[in-house]
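Reviewing the structure listed below.
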Amino acid sequence: MESEEFFQRYDAGERDFSGVDLRRVMNFHYRVPIFRDAILKDADLSGITRYRVDFTGADLSNACLSGTDIKYCNLRRANLNGANLAETDLSFADLRGADLNSADMVAVNLTGANMTGTYWKTAWLLDAILCNTICPNGEVVVERCFIGRQRRSLC
């Protein structure tokens with residue numbers, strides 16, 4: 001989908017972009033995308049670099065965000081159940097109340113991220129970077145950590 005078409009449809013009130021390849025929208029448009037409450041199930045956002053994107057309340061279940069650099073993004077209350085977040089840079093992201101169950105979070109960077117109230121019991125978390133990250137229970141990880149699938153020792 002081209003960026004102009006996407007923004008025309010979004011501005012007209014459309015929110016369901018399930019299965020759409022949004023890489024061109026994210027990388028080539030001057031406007032910072034706002035995806036509040038958008039339905040982006042199975043969407044392809046892999047490899048994008050875009051900061052401060054607003055995904056508040058968006059449904060990104062089973063979406064592919066692998067290899068993205070989306071620092072400072074807002075993912076509050078977003079549904080990322082089953083999403084591929086492998087090698088994604090979520091530094092300083094707001095993930096409060098997000099659903100990360102069954103998400104692939106291998107080598108994800110969560111430096112400075114706020115994960116208060118996040119659901120992630122079944123997320124696959126391996127070689128993640130957590131530094132000054134606020135964990136779901138409110139605990140702050142002060143040191144750089146590389147962790148395995150067991151999060152109980154971390155948060």
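The basis for the numbers below is simple: all heavy atoms, side chains too, and nothing from hydrogens, waters or symmetry mates. This is a predicted model, so every value here is computed, not measured. Numbering starts at 1 and runs along the sequence shown.
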Applying side-chain hydrogen bond (donor to acceptor under 3.5 Å, both in side chains) to Arg9 and not counting sequence neighbours gives Glu5, Glu14
Should Val140 and Thr133 be marked as a side chain to side chain contact (heavy atoms under 4.5 Å, CB included) after you check the CA-CA gap, both sets of side-chain angles, and the distance that decides it?
-> CA-CA 6 Å; Val140 179; Thr133 302; over 6 Å; no
Could you tell me if the side chain of [Y] sits less than 4.5 Å from the side chain of [X], heavy atoms only?
| X | Y | value |
| --- | --- | --- |
| Thr49 | Thr68 | no |
| Leu85 | Leu100 | yes |
| Asp54 | Cys73 | no |

Are Ile34 and Leu75 joined in one hydrophobic group, where the rule is that I, L, V, M, F, W and Y side chains link up if heavy atoms are under 4.5 Å apart?
-> yes
Same apolar cluster (I L V M F W Y, side chains within < 4.5 Å links), Leu80/Ile39 = no
Sidechain-backbone polar pair: [X] side chain, [Y] backbone, donor-acceptor under 3.5 Å:
| X | Y | value |
| --- | --- | --- |
| Thr122 | Ser102 | yes |
| Ser61 | Lys41 | no |
| Arg76 | Ala98 | no |
| Asn84 | Ser66 | no |
| Thr118 | Leu95 | yes |

Might you confirm whether atom OH of Tyr119 has over 12 heavy atoms from other residues, nucleotides or ligands at distances under 6.0 Å?
-> no
Just wondering, more than 12 heavy atoms not from Arg36 lying within 6.0 Å of its CZ?
-> no
Ring pair (Phe, Tyr, Trp, His ring centres under 6.0 Å) between Tyr51 and Phe92: does it pass, once the steps are laid out?
-> CA-CA 10 Å; Tyr51 304 150; Phe92 307 102; over 10 Å; no
Say you draw a straight line from [atom1] of [X] to [atom2] of [Y]; how long is it, rounded to the nearest 0.5 Å?
| X | Y | atom1 | atom2 | answer |
| --- | --- | --- | --- | --- |
| Phe55 | Leu60 | CZ | CG | 6.0 Å |
| Arg96 | Met115 | CZ | CE | 13.0 Å |
| Ile134 | Asp94 | CD1 | CG | 9.0 Å |

Over all heavy atoms of both residues, which pair between Leu65 and Ala83 is shortest? Give the atoms and the distance, please.
-> CD1-CB, 4.4 Å
Shortest non-hydrogen separation from Asn101 to Asp99 and the atoms involved = N-OD1, 2.9 Å
Does a donor on one side chain and an acceptor on the other come within less than 3.5 Å for Asn79 and Asn81?
-> no
Ser18-Asp42 side chain donor-acceptor pair, cut-off 3.5 Å | no
List the steps and the verdict of side chain to side chain contact (heavy atoms under 4.5 Å, CB included) for Val53 and Phe35.
-> CA-CA 8 Å; Val53 178; Phe35 294 106; 3.7 Å; yes
In terms of side-chain geometry, is the basic nitrogen of Asp69 or Lys71 positioned less than 4.0 Å from the acidic oxygen of its partner?
-> yes
Using atom types as modelled, flag every donor-acceptor pair under 3.5 Å from a side chain in residues 104-113 to any protein atom, sequence neighbours excluded.
{"unit_1": "Asp104", "atom_1": "OD1", "unit_2": "Val106", "atom_2": "N", "d": "3.1"}
{"unit_1": "Asn109", "atom_1": "OD1", "unit_2": "Thr111", "atom_2": "N", "d": "2.9"}
{"unit_1": "Asn109", "atom_1": "OD1", "unit_2": "Thr111", "atom_2": "OG1", "d": "2.6"}
{"unit_1": "Asn109", "atom_1": "ND2", "unit_2": "Ser91", "atom_2": "OG", "d": "3.4"}

